[in-house]
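Heads up: the structure comes next, in structure tokens.
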Amino acid sequence: MNTTLVTIGPSHFCEKARWGLDIKGVPYAEDAHVPMFHWRRTRKHARRTVPLLEAGDRVLTQSTEILAWADEVGERGPRLFPADPTARAEVDAQVKLWDDKLGVHARRAVYDVILPSAACTRAVFEGSPAWEQTALRVGLPVWRALLVKGLGITPEKCDRSRARLTELFAEATALLAANGGYLAGPVFTASDLTFASLSAIVLMPPEYGWALPDLDALAASGALPGADKAVAFRDSLRATPAGQHALRVYREHRRP
Ligand SMILES: N[C@@H](CCC(=O)N[C@@H](CS)C(=O)NCC(=O)O)C(=O)O
């Protein structure tokens, strides 16, 4: 069966799907695109968002659906969704919380950092089709303006997103304290994978499945105006128990 994961390479929702397929040992090819150019690829399925998985005749259009499918068909790795209905309901609720809240605020926080730098913006989409990278270079001001408008990247909203991220990390820290070991209980589940992947564009663990900017180098060189602030924010989240958990989960579970 031919399995293709259509992505925006650096996207955290796409990382969630990649991780799910990798950890369950499901073979696939990745077809990565620049945001907005990816619509040419998704429109035949009447969708706008990625990840989108084409698996034989099936088309899966939500990252959580892709995780559940990988859990079913994968031949190795831990169970991502528990069989017990009560445990499953808890994992589902946590995954939804991270998808609905963490996803949007982390994305805004990271675009706020990279969009001011043309070089940085272009670098994160290396690995997309060459013509898309050329079009991005030529049309960067227009592309950037559309993205800023579409995602609501204003200074106020970005500050609010950073504050919400701090609150969500506090929520995850409380869950870890209540449930022991992992977010939804004593073992790794889809909740840990989702929390870690969706926060990874801010925490930037070295095991991330796509090359992210080296914020420390950018801060040291002065090449990216907001890099110092982003490093300080990243480090404040890394220092929390939830941040430590996400980094540990990446170290221990990302590369099967
Ligand atoms: N609920 C979706 C969210 C996916 C999502 O927001 N994807 C973003 C990239 S991170 C996207 O494709 N945005 C493009 C668009 O909305 O046109 C999922 O879990 O797969």
Side-chain angles (χ1 to χ4, degrees), residues 3-23 26 28 30-55 58-71 80-81 91-115 121 124-125 127-129 132 135-136 139 142-153 157-158 161 164-165 168 189-204 208-213:
T3 304
T4 304
L5 183 68
V6 183
T7 68
I8 289 168
S11 146
H12 51 350
F13 279 105
C14 296
E15 167 71 355
K16 176 181 161 190
R18 265 194 307 253
W19 188 349
L21 296 168
D22 289 342
I23 200 170
V26 180
Y28 65 99
E30 181 168 354
D31 181 11
H33 295 268
V34 172
M36 292 185 276
F37 294 98
H38 76 281
W39 291 331
R40 279 172 55 90
R41 185 66 178 75
T42 58
R43 112 182 129 197
K44 70 174 169 187
H45 302 298
R47 309 307 288 204
R48 286 172 68 102
T49 64
V50 286
L52 182 149
L53 189 79
E54 297 167 335
R58 293 191 64 177
V59 179
L60 306 179
T61 60
Q62 293 293 322
S63 58
T64 302
E65 258 185 274
I66 297 170
L67 286 192
W69 178 80
D71 212 17
L80 300 176
F81 294 93
V91 169
D92 286 345
Q94 290 187 14
V95 167
K96 183 164 170 21
L97 171 69
W98 310 137
D99 279 356
D100 291 349
K101 307 285 183 213
L102 194 53
V104 66
H105 294 299
R107 178 167 47 212
R108 197 178 280 135
V110 82
Y111 273 128
D112 186 39
V113 178
I114 64 166
L115 284 182
T121 303
V124 293
F125 298 115
S128 306
E132 291 184 15
L136 177 67
V142 176
W143 178 89
R144 185 161 40 201
L146 289 172
L147 207 70
V148 163
K149 188 162 187 293
L151 297 178
I153 304 175
K157 283 192 174 174
C158 291
S161 284
R164 281 297 287 133
L165 285 172
L168 286 160
T189 67
S191 177
D192 302 284
L193 186 156
T194 303
F195 179 80
S197 53
L198 297 187
S199 53
I201 47 173
V202 177
L203 294 176
M204 299 194 168
Y208 196 76
W210 190 266
L212 294 176

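Indexing begins at 1, ligand by ligand and atom by atom, following the structure's order.
- Between the CE atom of M36 and the CH2 atom of W143 there is a distance of 5.5 Å, given to the nearest 0.5 Å.
- Looking at T7 and E30, their side chains do bring a donor and an acceptor atom within 3.5 Å of each other.
- The contact shell of ligand 1, taken as protein residues with any non-hydrogen atom closer than 4.0 angstrom, comprises S11, H12, F13, H38, W39, R48, T49, V50, P51, Q62, S63, R107.
- When all heavy atoms are compared, the tightest approach of L193 to K16 is CD2-O, 3.6 Å.
- For the pair S161 and R107, the minimum side-chain heavy-atom distance is 4.5 Å or more.
- Of the inter-residue distances, the one linking L168 atom CG with L97 atom CG reads 6.0 Å to the nearest 0.5 angstrom.
- Taking W69 as the reference, nothing meets the ring pair (Phe, Tyr, Trp, His ring centres under 6.0 Å) condition, with sequence neighbours excluded.
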